[in-house]
Number of protein chains: 2
Amino acid sequence: MVVFAAQGDPRRTMAMLWRAAAAAEVRPGPRPTLSVDVIVEAAVAVADAEGMAGLSMRAVGERLGRTAMALYTYVADKSELLDLMYDHVHGELGVGPAADWRAGVRAWAEELWAFYLRHPWVLQVSMARPVLGPNELDSAERLLRALEPAGLSAPVLRGVVSQLNHLVQGAARMVTDSRRAARETGQSDDDWWYARSAELVEVAPDFGARYPLLTWLETNKDSTPNETVPYMEHEARASFEVGLELLLAGVEATRLTEG
Amino acid sequence: MVVFAAQGDPRRTMAMLWRAAAAAEVRPGPRPTLSVDVIVEAAVAVADAEGMAGLSMRAVGERLGRTAMALYTYVADKSELLDLMYDHVHGELGVGPAADWRAGVRAWAEELWAFYLRHPWVLQVSMARPVLGPNELDSAERLLRALEPAGLSAPVLRGVVSQLNHLVQGAARMVTDSRRAARETGQSDDDWWYARSAELVEVAPDFGARYPLLTWLETNKDSTPNETVPYMEHEARASFEVGLELLLAGVEATRLTEG
DNA sequence: GCTCATCTCCTTATGGCGTAAAGTGACCGG
DNA sequence: CCGGTCACTTTACGCCATAAGGAGATGAGC
């Protein structure tokens with residue numbers, strides 16, 4: 001369930017994203033009992049609670065005591081609603097300036113990580129068709145501001161920004177997908193892993209000989225055994241932290257050879 | 001459309017993934033006219049051509065001149081079919097050893113990049129529930145073998161492997177999502193970008209003042225203007241290349257401080 | 001206080017999805 | 001030739017986005 005935003009009429013959608021509180025005209029016909037804002041908030045609530053797959057026009061309408069079709073008075077279609085939802089939640093982001101560029105990047109990444117865990121459905125909106133709303137662009141500009149003191153060239157800077165996004169998204173997706181799978185199947189992460197790996201050693205008795213390095217990697221874990229955090233989530237968080245430091249080290253090294 | 005593999009009965013599915021050409025017993029009833037292999041190949045063909053959203057049991061059955069329900073004689077459900085498809089295509093991977101660990105990692109990443117562009121639907125199978133088939137594990141072991149000479153500690157190695165996967169997947173997803181959006185909407189990447197950005201400057205006339213760094217980044221492009229490659233694909237490929245070098249530089253730096 | 005245009009919101013309908021249930025007829029050993 | 005077994009089919013269910021058309025509320029002009 002990857003979903004495209006930014007598919008509707010660009011003029012209409014962009015106007016809704018960037019509108020500065022449009023003046024309410026008085027017009028004939030019954031008074032609206034809903035509003036775009038109310039619908040967007042209801043839709044975000046549905047998506048937060050039920051996931052992207054549970055986000056249906058029926059569900060949003062039901063949460064507001066209306067039918068699905070009632071929403072079409074306010075939004076052109078589901079894709080436009082998604083645009084508005086996407087930019088709406090990005091308004092939650094806004095870390096301030098930091099001591100140096102490394103701290104700034106770390107803070108930006110940490111905030112985005114928490115944001116994705118709070119709104120896992122955002123990870124299912126494809127970045128290949130960016131929404132281009134004000135809140136998303138504000139966040140991008142903040143990252144560039146944090147990175148500015150590093151003094152990178154434009155091509156490298158573009159790569160760093162992409163890398164940061166892929167890093168946070170990849171690791172966060174691991175966590176949210178894992179939670180979603182656990183909820184949908186009623187089988188916890190650890191139960192799933194236990195069942196599969198038990199089957200694996202049975203069906204591939206030569207595992208250790210065929211995969212010596214995977215085996216070594218798997219046995220060399222320093223995590224405390226009595227974790228309350230599921231296996232996959234722990235791994236994802238670790239990969240986020242290590243990956244971030246690797247990237248910062250890579251930027252530093254590139255910075256020196258560039259400058 | 002993110003889809004979970006590895007949801008069925010683990011015993012049954014793992015046996016099918018790791019089977020060593022099961023002996024064909026003679027049994028009463030009509031002779032099977034299909035086979036698991038034929039079905040998997042047909043399903044891969046459908047997914048390659050129509051994408052994950054077009055992969056339906058009906059479509060696979062139709063390609064084989066059967067109904068959707070006929071497939072259920074051979075596979076337990078769609079999730080099991082997906083497991084088999086996933087591991088089947090991973091059998092295409094297999095880069096050999098390289099001169100040094102950097103070259104090995106680059107070759108591994110390049111091969112995976114091409115693989116994802118060939119089978120874009122694979123990017124929609126969630127990594128939070130790995131299939132654990134032989135071909136996928138072979139590929140993971142090959143990466144570890146390439147990285148072995150770098151002499152990394154287990155935690156850092158795990159981070160590097162995750163980063164590499166996120167890097168290739170993130171950049172490749174950009175390309176495949178972009179192509180998919182273009183096909184589904186009939187609007188090319190560049191057309192979409194042109195329409196949206198034209199609308200953006202109109203609706204946000206203070207863009208340059210509000211987003212000075214984004215503006216600077218956008219105007220400092222060194223790409224040749226007469227590209228035959230769509231904008232988004234060009235960007236994605238560049239981010240893949242820069243990201244890979246950043247990661248290698250980060251590994252090198254970490255390697256030195258570790259060792 | 002009427003009419004009429006306009007608007008919100010409703011009901012209904014369409015085609016696609018995975019797959020459960022039940023039916024049809026082919027093939028085998030005896 | 002019989003009876004069990006199996007491959008494959010038809011039908012049916014609930015859910016999705018949204019097109020089409022209808023009901024009733026409201027405001028403007030008179």
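Letters go in sequence order (proteins before strands), and every chain restarts at 1. Since the structure is predicted, the reported quantities are computational estimates derived from the model, not experimental observations.
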For this session: Work out which heavy atom in A:Asp48 is nearest to a heavy atom in A:Arg118; give both atom names and the distance.
Result: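 Shortest heavy-atom contact: OD1-O, 3.8 Å.
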How would you list, by chain and number, every residue that makes a side-chain contact (heavy atoms from CB on, under 4.5 Å) with [X], sequence neighbours excluded?
X: A:Ala238; result: none
X: A:Ser197; result: A:Trp193
X: A:Thr33; result: A:Arg66
X: A:Ala76; result: A:Arg12, A:Glu80

Could you work out, with side-chain hydrogen bond (donor to acceptor under 3.5 Å, both in side chains) as the rule, every residue matching [X], not counting sequence neighbours?
X: B:Asn165; result: none
X: B:Glu141; result: none
X: B:Ser188; result: B:Asp191

Exercise. With a cut-off of under 6.0 Å to the ring centre and 45° to the axis, is B:Arg180 in cation-pi contact with B:Trp121?
Worked result: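 No; the conditions do not both hold, so B:Arg180 does not lie above the ring face of B:Trp121.
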For this session: Measure from NZ or CZ of B:Arg129 to the centre of the six-membered ring of A:Trp192, then state whether that distance is under 6.0 Å and the direction lies within 45° of the axis.
Result: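 The answer is yes, since B:Arg129 meets both limits relative to A:Trp192.
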Problem set entry | Reading 5' to 3' through nucleotides 4-9 of chain C, protein heavy-atom contacts under 4.0 Å coded B for base, S for sugar-phosphate only, - for none | --BBSB
Only distances under 3.5 Å count here; give the side-chain donor-acceptor pairs of residues 54-64 of chain B to other protein atoms, sequence neighbours excluded, each with its distance to 0.1 Å.
residue	atom	partner	partner atom	Å
B:Ser56	OG	B:Ala59	N	3.0

Exercise. What's the spacing between B:Ile39 CD1 and B:Leu34 CG if we round to 0.5 Å?
Worked result: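 B:Ile39 atom CD1 to B:Leu34 atom CG measures 5.0 Å (nearest 0.5 Å).
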Problem set entry | DNA chain D: 5'-most and 3'-most nucleotides touching chain A, 4.0 angstrom heavy-atom criterion |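 In short, chain A contacts DNA chain D from D:dC16 to D:dG27.
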Problem set entry | Terminal axes of the helix from C:dG1-D:dC30 to C:dG30-D:dC1 (five pairs each): angle between them, nearest 10 degrees |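 That helix gives 10° between its end axes.
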What nitrogen or oxygen pairs link the protein and nucleotides 16-18 of chain C at under 3.5 Å?
residue	atom	partner	partner atom	Å
C:dC17	OP1	B:Ser56	OG	3.1
C:dG18	OP1	B:Met57	N	3.3
C:dG18	OP1	B:Lys78	NZ	2.9
C:dG18	OP2	B:Met57	N	3.1
C:dG18	N7	B:Arg58	NH1	2.8
C:dG18	O6	B:Arg58	NH2	3.4

